Amino acid sequence: MENTYNPAGIESKWQQSWTEQNLYKTDTTSSKPKFYALSMFPYPSGNLHMGHVRNYVITDVVARHKRMQGHRVLHPMGWDAFGLPAENAAIERGIHPATWTYQNIAHMRSQLQKLGLSIDWDREIATCSPEYYRWTQWIFLKFYEGGLAYQKDGMVNWDPIDQTVLANEQVDGDGRSWRSGAIVEKKALKQWYFKITEYAEQLLTDLDQLSGWPEKVRTMQANWIGKSIGANLEFPIVGASEKITVFTTRPDTVYGVSYVVLAPEHPLTVQVTTSDQKAAVDAFIAEVKRQSEIDRTAEDQPKRGVPTGAMAINPFTGAEVPIWIADYVLYEYGTGAVMGVPAHDVRDFKFATQYQLPITQVIAATAQDPSNLAPLTAAYTEAGTIVNSSQFDGLDSVTAKKSIIEYAEQHGYGNGKIQYRLRDWLISRQRYWGAPIPMIHCPKCGTVPVPEADLPVRLPEDVEFTGKGGNPLAQLESWVNVPCPSCGAPAKRETDTMDTFVDSSWYFLRYPDAGNDEQIFDPKITNDWMPVDQYVGGIEHAVLHLLYARFFTKIVRDFGAGDGGKTKLLNFDEPFKYLLTQGMVQSTTYKNPQTGKYIEPATVLDRAHPTDPVTGSALEVTFDKMSKSKYNGIAPEEVIGKYGVDTARMFILFKAPPEKDLEWDDADVEGQFRFLNRLWRLVMAAKPATTSSSGELSKSEKDLRRFIHHAIQAITEDLDGDYQFNTAVSELMKLSNAITDADCKDSPIYAEGIETLLILAAPFAPHMTEELWQLTGHTGSIHEQSWRQFDPAALVADEITLVIQVMGKTRGTIQVPATKDSATLEAHARESAITKKFTEGKEIKKVIVVPGKLVNFIIG
RNA sequence: GGGGGUGUGGUGGAAUGGUAGACGCAACAGACUUAAAAUCUGUCGUCCGUAAUGGAUGUGCGAGUUCGAGUCUCGCCACCCCCA
């Protein structure tokens, strides 16, 4: 008999036993309701970190709870295994990316297995295996067939460190690469794109279906898609046949246009520039090229521009206005040209003030004579009444917007237009370790898709990684040169590989039927399990992965299943029903504010007054995301080695609500370990009941039973609703405390308490509860037990605590027999000494009774 | 500038409009021990009184709604995130 809690022995024993029993193999035969629990799969960097642990433990608790509640649960794991670090390892250490990746996978898998996760490992996938990327390529071909994959020349984001292009979503707010952190450059290149813009409207409107997603993530996606409703208006150029098309969301301000601006890159720029402005325009274009997009459009930056010397005509007024070029207009957005309305746009106002361009107000806060308007000191961007606008004067600006678009359409000045901020997704990468794009370039036939039967296009293995001279695939003649599948003439393979975000955009569709080598998946099986009932991952994917995955789901839904489109592959619109974005794991970070250097915690002697061990100056203490460069990482192995994984799981779940950042604190981990030890002793000290359960329960038994059933109710609600694991763990503690203090240790109710406590704790601390389950004489795994139901009758107390308030102020409490009858409660309250003390000599004007809770006396 | 979020003890955090601070951590006091650890018991927002089962005050600030506001409404302030 074990007398002390020894996590190490228990944990490895049960992990092995569960594997042997196939306890977590997915139930594919029963008719139970399904539940698909999914964590965002990891990149196999080589080491598990605390962020992973938090992510997978959350999903595991959900999966375990659902299983006990009688669901068949799909809880798989896999590897987002293509990507640059593998290739960098090859360059730096001469190890092949595949070898490096599979070694990391093996190591991380063994680390994951120590977390006691209820994962079905039979469904493990790795995106870098040909069995998987064959289907990534298959999807690409379907995209191509459907006109959703195409090549185009354009100005693209170039990461100078990773030596590859990036999609817009992969460049952060500071203009840096999401991966390397390098400042992204602009380059003109021919690249492959997916036409995500075709689905912009669906991606936007279907956000409404996602009531199980955090509001924040939905807002971020809506902002990213960036729908704006406005118009394209055409401004003829004086002395030329071309017109400048501007996109505007404010057609109601068209009578206030005082200039038109072209993006410096706009093809018309060169054409319209007059000879005496040519030098200035050329110089300006060269300068703008050196600026990042962020610098160009940030509102606090000065707006700069030069006139082209040409004039355009405002079709509404017939007035001639100058054509400028300016840095704040981007060729990639809208039509690459805007109309300048300084009176009603903040940036235009600044620009016009700077270059002394006229400012004409055409919207006023209230209807008034335009001659009375005071000169504007800032742009007026609100809605209002139209002035100075010919026949539209007097309209409110919202109505005017519609009227002006109608007028433009009738007179051929332009048309209403919906514009999205979302750009097409650039998916080609000039790197080796990714899924090859299955296309062949033939001098005669052009770009030809690889026939489906020839998939996968395997990555060649005999490749040299020098880190110089671009994509190593392009240099491998034996691989590049192939006969054209269409005409047989010598042709060349596409050497770009796909963005790794392509691989991860559909993996969740593969798990339900992971071993299928005939089809991407059997639609019957995938449609049965999908959508994912609970998806858990980091907020950093709010736009990136989650937007791409939604896009893929819609496209795959719209593919036929190979029978000419009769059968749809998917029968749902959205892949992830509920989304939980877990917070970061942070830990204490020491920084010397003078030198800006991070200090290793091990070298900080006095944690209360930390000082730099070298300079002796006081250190700045913060909580930051764990990272190597900040020396603040906590290795999961260390914690597990010291306390066991059950303690780590409980701590992570208890310390903070799942969506908030979690501050790692060793003392709190200790506290959690102490709780598990208390729990162990409590269960081990329990003896079989010696009294019988027949007859009336004693007060102590009733109280304990109420506590037990309250805990069942509270924990079930915490796990079924908004995932409040922290309060669920605290309920476990309360129940444990209540049992410890209970005065009926030989009663069957006490035994019920111990058993319920173990069942309720099982999803959280699976190893310890399993061990105790066996030690207390049960057979079968605790994880196959049914989740407990609470008995509403047990929650009813004989006596309740009634709060006495006078004038809304709490004055005390009394114990009264439980009743819902207001008159009885009021009578009890009136009799109490508390009430008498505070109402003495005053008239009670009104009494408010909240049955079961309180009585409030209003006195005069 | 627009949108979203957050603000509660020394600290992490709890509170269907109904006793604010559950449950932990830290701290302090005590028991046990030769001693320490572990364990157990107690105290723990602030101020006043300290005989209390006492009083006042208290959830960023200011108003409002309500019998009653951490919670709802309005206006500020600070910080964070996203978009410009």
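None of the values given here were measured: they were computed from a predicted structure. The sequence lines fix the lettering, A, B, ..., with proteins before strands; numbering per chain opens at 1.
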request  = Taking atom P in both B:U53 and B:C44, compute the distance separating them and give it to the nearest angstrom.
outcome  = 11 Å

inquiry  = My understanding is that only residues two or more places apart in sequence, or in another chain, count here; which of them pass ring-ring contact (aromatic ring centres under 6.0 Å, His included) with A:Tyr548?
reply    = A:Trp425, A:Phe501

note = d(A:Gln582 CD, A:Leu662 CG) to nearest 0.5 Å is 10.0 Å

ask   = Can you tell me how far CZ of A:Phe790 sits from CZ of A:Arg706, rounded to the nearest 0.5 angstrom?
value = 14.5 Å

key: For A:Arg705, salt bridge (charged side-chain N to carboxylate O under 4.0 Å, His left out) partners two or more places apart   = A:Glu752, A:Asp791

task = Not counting sequence neighbours, list each pair that qualifies as a side chain to side chain donor-acceptor pair (under 3.5 Å) and has a residue in residues 222-232 of chain A.
result = A:Glu169-A:Trp224, A:Glu201-A:Lys227

key: Sole residue of A:Thr740, A:Ile708, A:Ile712, A:Leu679 in side chain to side chain contact (heavy atoms under 4.5 Å, CB included) with A:Leu735   = A:Ile708

request  = Using a 90° cut-off around 0 for syn, call B:G9 syn or anti.
outcome  = syn

request  = Using a 4.0 Å heavy-atom cut-off across all strands, classify A:Asn737 as base, sugar-phosphate, or nothing.
outcome  = sugar-phosphate

remark   = Residues passing the ring-ring contact (aromatic ring centres under 6.0 Å, His included) test with A:Phe857, sequence neighbours excluded, are none

query = Atom OG1 of A:Thr249 and atom CD of A:Gln419: how far apart are they, to the nearest 0.5 Å?
reply = 10.5 Å

Length of the CD1-P vector between A:Ile858 and B:U66, whole Å = 13 Å

remark   = Side-chain atoms of A:Asn223 come closest, of B:A20, B:C25, B:C83, to B:C83

Integer-rounded Å distance: B:A26 P and A:Phe651 CZ = 12 Å

key: Polar contact flag, side-chain donor to acceptor under 3.5 angstrom, A:Asp348-A:Tyr328   = yes

task = Take atom CZ of A:Phe707 and atom P of B:A22, then tell me their distance rounded to the nearest Å.
result = 13 Å

Separation between the P atoms of B:U46 and B:U65, rounded to whole Å = 33 Å

message = For a quick test of reading the model, state the closest non-hydrogen atom pair linking A:Trp664 to A:Thr588 and the distance between them.
response = O-OG1, 4.5 Å

ask   = For the side chain of A:Arg423 and the backbone of A:Tyr420, is there at least one donor-acceptor N/O pair under 3.5 Å apart?
value = yes

request  = Nearest whole angstrom, please: distance from the P of B:A26 to the CG of A:Asp666.
outcome  = 11 Å

message = Base contacts versus sugar-phosphate-only contacts with protein, heavy atoms under 4.0 Å: please encode nucleotides 5-18 of chain B as B, S and - from 5' to 3'.
response = -------BSSSB-B

key: Inter-nucleotide C1' distance (B:G10, B:U43), Å rounded   = 15 Å

N/O donor to acceptor pairs below 3.5 angstrom from side-chain atoms of residues 668-675 of chain A, sequence neighbours left out:
residue  : atom : partner  : partner atom : Å
A:Asp668 : OD2  : A:Lys655 : NZ           : 2.4
A:Glu670 : OE2  : A:Tyr643 : OH           : 2.9

request  = Could you work out the separation of B:G24 and B:G9 based on their C1' atoms and round it to a whole Å?
outcome  = 14 Å

inquiry  = Taking B:A38 as the reference, what is the distance to B:A27 when you measure between their P atoms (whole Å, please)?
reply    = 11 Å

ask   = For A:Gln815 and A:Thr801, does a side-chain donor sit closer than 3.5 Å to a side-chain acceptor?
value = yes

query = When the P atoms of B:G21 and B:U59 are considered, how many whole Å apart are they?
reply = 14 Å

task = Write down the distance between CE (A:Met220) and P (B:C82), rounded to a whole number of angstrom.
result = 6 Å

remark   = Comparing A:Thr813 with A:Arg678, nearest RNA chain B nucleotide closer to 5' gives the residue A:Thr813

message = List the residues meeting side chain to side chain donor-acceptor pair (under 3.5 Å) with A:Trp213, not counting sequence neighbours, and say none if there are none.
response = none

query = For nucleotides 48-59 of chain B, read 5' to 3', which letter fits each nucleotide if B means a protein heavy atom sits under 4.0 Å from the base, S means only the sugar-phosphate is that close, and - means neither?
reply = ------SSSS--

Side-chain donor-acceptor pairs under 3.5 Å in residues 825-834 of chain A, sequence neighbours left out?
residue  : atom : partner  : partner atom : Å
A:Glu826 : OE2  : A:Arg830 : NE           : 3.0
A:Glu826 : OE2  : A:Arg830 : NH2          : 3.0
A:Ser832 : OG   : A:Ala829 : O            : 3.0
A:Ser832 : OG   : A:Thr835 : N            : 3.2
A:Ser832 : OG   : A:Thr835 : OG1          : 2.8

Below 3.5 Å is the cut-off: list the nitrogen or oxygen pairs between protein and nucleotides 63-65 of chain B, distance only.
none

message = Could you tell me how far apart A:Phe675 (CZ) and B:U39 (P) are, to the nearest whole angstrom?
response = 14 Å

query = Say you pick atom C1' in B:G1 and the same atom in B:C67; how far apart are they, in whole Å?
reply = 43 Å

ask   = Who passes side chain to side chain donor-acceptor pair (under 3.5 Å) against A:Lys734, sequence neighbours left out?
value = A:Glu731

ask   = Quantified in whole Å, what is the P atom distance between nucleotide B:G12 and nucleotide B:G4?
value = 27 Å

ask   = Is the phosphate of B:C25, meaning OP1 or OP2, less than 4.0 Å from a side-chain N or O of A:Arg674?
value = yes

message = Expressed as a whole number of angstroms, how long is the span from A:Ile715:CD1 to B:C23:P?
response = 14 Å

message = Requiring both pairing distances under 3.5 angstrom, list the stems that contain RNA chain B and are made of three or more consecutive Watson-Crick or G-U pairs.
response = B:1-7 with B:77-83, B:10-12 with B:23-25, B:27-31 with B:39-43, B:45-48 with B:54-57, B:60-64 with B:72-76

Residue whose closest nucleotide on RNA chain B lies nearer the 5' end, A:Thr801 versus A:Asn677 = A:Thr801

message = Rounded to whole Å, please give me the gap between CD in A:Glu670 and P in B:A37.
response = 13 Å

